[in-house]
Amino acid sequence: MRHQPVHSSFFNKPTLELAQALLGKILVKETAEGIAAGIIVETEAYIGPGDQAAHSFNNRRTARTEVMFGPAGYTYTYVMHTHCLVNVVSGAADSPEAILIRGVEPVEGMELMYQRRGPVKREQDLTNGPGKLTKALGIVKEDYGRPLWEAPLYIAEGNEPELTAAGPRIGIDNSGEAREYPWRFWVSGNRFVSGTKKNNIIK
DNA sequence: TCACGGATGTCCT
DNA sequence: GGACATCCGTGAT
């Protein structure tokens, strides 16, 4: 299967808009072992300066958050304990915003994914979480800073999802009022959306 | 050297 | 489906 990367200008839109535009697109990772790809079904927006949940809150600039201060369309990988999370940098340069990819639906390289993830009970356990999908796709922290419109790691054109939903983000209970923001977006009813509470639908 | 962060998987009900 | 133990890299002291 061939995937058509998006143009670099695709990332040139407001973060909240981009977070929704990413739903239905395909996240592709090419490695020596082969290609693994999945449709993006869940995202979360993080808008640095005023968002207490973001690593770049209050323009906090460190080696880790550096890439978020660059132009949009680059990869921000974030190692959390044993897991690696993948984000799409958004916003203009000096505007530290990013979109976390929380769930994908496999479309290519299922064998690779099973190989990398080990035995899982259900198919959706392969990629229905931010740490799971990076492992399944073979995304590692070394992908930090890569442009997302060309191989080996890129966003490819896909089909518009039929119905999307929005709601509060996950796992940021200590982030003040920012936790109320409906900045999590997902494809309604999709099996590969993380978590079990899919009911706080705003849109 | 230490405090901190949040997803995963397993066990339990 | 819910609760809990475990995992380790980053940044500040």
Side-chain angles (χ1 to χ4, degrees), chain A residues 19 22-23 27 29 36 38-70 74-89 96-106 110 112-146 153 165-201:
Chain A
L22 281 170
L23 294 176
L27 180 63
K29 177 67 194 280
I39 300 166
I40 298 171
V41 299
E42 184 181 3
T43 61
E44 273 183 14
Y46 288 87
I47 300 183
D51 181 0
Q52 293 182 47
H55 297 144
S56 55
F57 171 61
N58 206 17
N59 285 308
R60 193 158 170 273
R61 189 168 189 160
T62 67
R64 188 178 59 171
T65 62
E66 185 61 33
V67 71
M68 281 196 279
F69 289 84
Y74 288 85
T75 313
Y76 170 43
T77 51
Y78 165 42
V79 178
M80 170 49 70
H81 298 349
T82 54
H83 313 290
C84 180
L85 282 53
V86 63
N87 299 254
V88 176
V89 173
E97 307 175 6
I99 296 158
L100 172 65
I101 297 175
R102 297 188 51 92
V104 303
E105 176 178 345
M110 295 284 287
L112 260 180
M113 295 188 196
Y114 273 107
Q115 193 178 312
R116 287 167 174 154
R117 293 274 296 127
V120 292
K121 292 193 182 77
R122 301 164 308 169
E123 192 175 286
Q124 59 262 43
D125 288 330
L126 279 176
T127 55
N128 66 343
K132 298 178 189 177
L133 73 92
T134 55
K135 190 173 182 187
L137 293 179
I139 294 170
V140 292
K141 68 176 192 298
E142 283 74 22
D143 288 314
Y144 181 97
R146 281 204 163 118
L153 176 63
R169 292 171 298 176
I170 289 178
I172 54 171
D173 289 349
N174 299 323
S175 302
E177 64 179 24
R179 83 174 130 173
E180 307 293 340
Y181 301 167
W183 287 354
R184 171 174 175 245
F185 305 97
W186 66 94
V187 176
S188 194
N190 190 284
R191 281 182 305 151
F192 295 90
V193 173
S194 73
T196 53
K197 289 174 295 209
K198 300 184 173 72
N199 41 344
N200 23 5
I201 296 174

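Proteins get letters first, then strands, A, B, ... in listed order; numbering begins at 1 in each. Hydrogens, waters and symmetry mates play no part in the numbers below; they use all other heavy atoms, side chains included. Everything numeric here is computed off the predicted structure, so don't read it as measured data.
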>> Testing the basics here: between A:Ala36 and A:Met113, what is the closest heavy-atom pair and its distance to 0.1 Å?
In response: CB-CE, 4.1 Å
>> Minimum heavy-atom separation for A:Thr77 and A:Val140, please, with both atom names.
In response: CG2-O, 3.6 Å
> When the distance from CG of A:Leu85 to P of B:dG5 is rounded to whole Å, what number comes out?
Replying inline: 15 Å
> Taking atom C1' of B:dA7 as reference, at what distance in whole Å does atom CG of A:Leu133 sit?
Replying inline: 12 Å
> Just how far, in rounded Å, is C1' of B:dA7 from CG of A:Asn87?
Replying inline: 14 Å
> Of all the choices, B:dG5, B:dA7, C:dG9, which nucleotide is nearest to the side chain of A:Val79 once you look at every atom?
Replying inline: C:dG9
> When the distance from CZ of A:Arg64 to P of B:dC4 is rounded to whole Å, what number comes out?
Replying inline: 15 Å
>> Using the side-chain heavy atoms of A:Thr82, tell me which of these nucleotides is nearest: C:dC8, B:dA7, B:dG9.
In response: C:dC8
> Nearest to the side chain of A:Ala63 - C:dG11, C:dC7, B:dA7?
Replying inline: C:dG11
> Do any N or O atoms from the side chain of A:Arg117 and from the backbone of A:Leu126 form a donor-acceptor pair under 3.5 angstrom?
Replying inline: yes
>> Any salt bridge linking A:Glu105 with A:Arg191? Criterion: basic side-chain nitrogen under 4.0 Å from a carboxylate oxygen.
In response: no
>> Output the rounded distance in Å from CZ (A:Arg61) to P (C:dA12).
In response: 14 Å
> To the nearest angstrom, how far is A:His81 atom NE2 from C:dC4 atom P?
Replying inline: 17 Å
>> From CG of A:Asn128 over to P of B:dT8, roughly how many Å is that when rounded to an integer?
In response: 8 Å
> Which residue lies toward the 5' end of DNA chain C, A:Lys141 or A:His83, if each is placed at its nearest nucleotide?
Replying inline: A:His83
>> Tell me the interatomic distance from A:Phe57, atom CZ, to C:dG11, atom C1', rounded to whole angstroms.
In response: 17 Å
> The side chain of A:Lys132 lies closest to which of these nucleotides: B:dT8, C:dA12, B:dG6?
Replying inline: B:dT8
> Considering only B:dG9, B:dA7, C:dG11, which nucleotide approaches the side chain of A:Ile170 most closely?
Replying inline: B:dA7
> Taking OP1 and OP2 of C:dG11, is either one under 4.0 Å from a side-chain nitrogen or oxygen of A:Arg60?
Replying inline: no
>> From C-beta outward on A:Tyr78, which listed nucleotide comes closest to its side chain: B:dG5, B:dA7, C:dC7?
In response: B:dG5
> Closest heavy-atom contact between A:Ala19 and A:Ile99?
Replying inline: N-CD1, 3.5 Å
